[in-house]
Every structure is written in structure tokens, then in C-alpha cells.
Asks: 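Sharing a structure with you now.
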Amino acid sequence: QVQLVESGGGLVQAGGSLRLSCAASGRVFSFNDMGWYRQSPGKERELVANIRRNGNTNYADSVVGRFTISRDNLKDTVNLQMNSLRPEDTAVYYCKVQFQEHLFRSVRDSWGQGTQVTVSS
């Protein structure tokens, strides 16, 4: 199975920056899409940013121009650079990695435990 280790969450003032990192490990045929989701109390979990193996990205409208997602295919890691943070960015951020197993090359998802990001006003 695949394990995800997240790091980089914390408390920051509005306008500040944080960088989240997620390291994936496991015996897989390939790691495909890698992304970050977030969820705040009383709200549905939402996609923040996603990056494909070829580097193509997509972002939630609310973070365009402020967040940048990147990946290192050799290290099996995905990062999220968050700049100009706002209080409404406060949430638990989850890493999600799509992968294919060797057996039948089945497509599956793995989720991290989540890391808290708190932005104070």
C-alpha cells in the first residue's frame, strides 16, 4: 500500500506564506495525479490544487495566483507553496495521491492524515 507523510502546516499571519510537502512511498506501478484538498469546519472538502505526472496543473479559483503546486517524480513528493495567505484559507489540508498497482494496474487513491493550516487576521 501507499503511505503519505505530510509536513509544513502551522500558524501564520495574514499575508504570510507556508509550504506544504507530501512524500509518498510504496511499491506501485506509477504515481499519477497528486493534489491537495482542504476542509474547514462545516464545509465540504474541496480541491485546492492538482498536478499530473506531466506537470499539468489546475487550481481552485480562490487560490489562483497565490498558491503553486509542484512535484518531484524522482522523490515521489508533491508540494504546495502558499503565499498571500488569508484567514479564509484556514483549514485542514490533505494530500491525495492517485496511483496504479502492479496487479492489473488498478487505479487507487491514497490520502494523508491532514495538516492544520491556520491564518490569523
Side-chain angles (χ1 to χ4, degrees):
Q1 63 175 11
V2 169
Q3 299 292 327
L4 304 180
V5 179
E6 301 158 324
S7 62
L11 174 65
V12 66
Q13 291 181 310
S17 298
L18 286 173
R19 186 172 187 267
L20 305 182
S21 182
C22 175
S25 62
R27 296 176 62 189
V28 301
F29 175 77
S30 67
F31 289 107
N32 299 328
D33 289 7
M34 307 180 84
W36 290 93
Y37 292 70
R38 67 186 181 188
Q39 186 169 24
S40 57
K43 295 184 178 180
E44 184 178 344
R45 186 174 298 185
E46 65 172 346
L47 173 68
V48 178
N50 178 263
I51 184 167
R52 298 189 175 186
R53 186 171 179 83
N54 63 9
N56 288 344
T57 60
N58 68 281
Y59 297 89
D61 289 342
S62 61
V63 307
V64 170
R66 300 188 298 122
F67 292 8
T68 301
I69 190 169
S70 61
R71 66 188 289 168
D72 186 333
N73 291 336
L74 294 179
K75 296 181 179 180
D76 297 326
T77 60
V78 59
N79 305 298
L80 185 68
Q81 179 66 46
M82 304 185 292
N83 299 325
S84 302
L85 283 162
R86 306 165 180 170
E88 52 263 41
D89 294 319
T90 296
V92 177
Y93 284 69
Y94 298 89
C95 177
K96 190 191 83 172
V97 175
Q98 182 190 76
F99 66 95
Q100 290 180 280
E101 298 177 329
H102 286 288
L103 183 61
F104 307 129
R105 297 186 181 178
S106 301
V107 177
R108 302 189 185 283
D109 292 332
S110 181
W111 288 86
Q113 291 295 311
T115 183
Q116 178 70 46
V117 171
T118 302
V119 184
S120 62
S121 60

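Note: hydrogens, waters and symmetry copies are ignored here, and every other heavy atom, side chains too, is used.
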Asks: Got more than 12 heavy atoms from elsewhere within 6.0 Å of CG, N54?
Replies: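 For N54, atom CG is crowded (more than 12 foreign heavy atoms under 6.0 Å).
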Asks: Going by the angle between their ring planes, with limits at 30° and 60°, are H102 and F29 parallel, tilted or perpendicular?
Replies: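 Geometry flag for F29 against H102: perpendicular rings.
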Asks: Is F104 reachable from V107 through a run of hydrophobic residues whose side-chain heavy atoms are each under 4.5 Å from the next?
Replies: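 Unlinked, V107 and F104 end up in two clusters.
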Asks: Is it the case that one hydrophobic cluster holds both V92 and L80, taking links as side-chain heavy atoms less than 4.5 Å apart, direct or via other members?
Replies: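 No, it is not one cluster - the side chains of V92 and L80 are not joined through contacts under 4.5 Å.
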Asks: What pairs with R108 under salt bridge (Lys or Arg N to Asp or Glu O under 4.0 Å), at least two apart in sequence or on another chain?
Replies: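 With sequence neighbours excluded, R108 shows a salt bridge (Lys or Arg N to Asp or Glu O under 4.0 Å) to E101, given in chain and number order.
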Asks: State, to 0.1 Å, how close V78 and I51 come at their nearest heavy-atom pair, and which atoms those are.
Replies: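 Shortest heavy-atom separation between V78 and I51 comes out as CG2-CG2, 4.0 Å.
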Asks: For a quick test of reading the model, state the closest non-hydrogen atom pair linking F67 to R38 and the distance between them.
Replies: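 Scanning both residues, the minimum pair turns out to be CE2-NH1, 4.1 Å.
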Asks: Closer than 3.5 angstrom, by distance alone: can the side chain of Y59 be matched with the main-chain N or O of I69 as a donor-acceptor pair?
Replies: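 Indeed, once roles are kept as given, a pair shorter than 3.5 Å links the two residues.
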Asks: Can Q3 and S25 be counted as having a side-chain donor-acceptor contact under 3.5 angstrom?
Replies: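 There is no such pair between these side chains.
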Asks: Answer yes or no: is there a donor N or O on one side and an acceptor on the other, between the side chain of S21 and the main chain of N79, under 3.5 Å?
Replies: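 Pair absent, no side-chain N/O of S21 close to backbone of N79.
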Asks: What's the verdict on side chain to side chain contact (heavy atoms under 4.5 Å, CB included) for V5 and Q113, showing C-alpha distance, side-chain angles and the deciding distance?
Replies: CA-CA 8 Å; V5 179; Q113 291 295 311; over 6 Å; no
Asks: So which heavy atom on P87 is nearest to which on S121, and how close?
Replies: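 The pair with the smallest heavy-atom distance is CG-CB, 4.0 Å.
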Asks: Give the intermediate values and the outcome of side chain to side chain contact (heavy atoms under 4.5 Å, CB included) for residues M82 and V117.
Replies: CA-CA 10 Å; M82 304 185 292; V117 171; 3.9 Å; yes
Asks: Flag yes if L4 and Y37 sit in one hydrophobic cluster, no otherwise; membership is Ile, Leu, Val, Met, Phe, Trp, Tyr, and two members link when side-chain heavy atoms are under 4.5 Å apart.
Replies: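 Different clusters.
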Asks: Among all residues two or more places apart in sequence or in another chain, which pass the salt bridge (Lys or Arg N to Asp or Glu O under 4.0 Å) test with D76?
Replies: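 If we apply the salt bridge (Lys or Arg N to Asp or Glu O under 4.0 Å) test to D76, skipping adjacent residues, there are no hits.
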Asks: Got a second to check how far K96's NZ is from C22's SG, nearest 0.5 Å?
Replies: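 Output value for this atom pair is 12.0 Å.
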Asks: T115 side chain to E6 main-chain N or O, any donor-acceptor pair under 3.5 Å?
Replies: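 Such a contact is absent between T115 side chain and E6 backbone.
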Asks: Quick one: does any side-chain atom of N73 pair with a main-chain N or O of R53 as donor and acceptor, under 3.5 Å?
Replies: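 Answer holds: yes.
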Asks: What's the spacing between S62 OG and E88 CD if we round to 0.5 Å?
Replies: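 If we round to the nearest 0.5 Å, S62:OG and E88:CD are 8.5 Å apart.
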Asks: In this structure, would V64 and L20 fall into the same cluster of hydrophobic residues linked by side-chain contacts under 4.5 Å?
Replies: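 Shared cluster, yes.
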Asks: When rounded to the nearest 0.5 angstrom, what is the spacing between CG in N58 and CG in N50?
Replies: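 Atom-to-atom, N58:CG and N50:CG are 5.0 Å apart.
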Asks: Under 4.5 Å between side-chain heavy atoms, counting indirect links through other Ile/Leu/Val/Met/Phe/Trp/Tyr residues: same cluster for Y94 and M34 or not?
Replies: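 No: no chain of side-chain contacts under 4.5 Å links Y94 to M34.
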Asks: Look at the side chain of R71 and the backbone N and O of R52, then say whether any donor-acceptor pair between them is shorter than 3.5 Å.
Replies: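 Judged by distance alone, yes, a pair lies under 3.5 Å.
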Asks: Over all heavy atoms of both residues, which pair between Q116 and A91 is shortest? Give the atoms and the distance, please.
Replies: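 Answer, listing the atom of Q116 first, then A91: NE2-O, 3.4 Å.
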Asks: When you compare the side chain of C95 with that of W36, does any pair of heavy atoms fall below 4.5 Å?
Replies: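 When only atoms from C-beta onward are counted, C95 and W36 do touch, with a gap below 4.5 Å.
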Asks: Looking at every heavy atom in both F99 and D109, which two are closest together, and how far apart are they?
Replies: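 Closest heavy-atom pair between F99 and D109: CE2-C, 4.0 Å.
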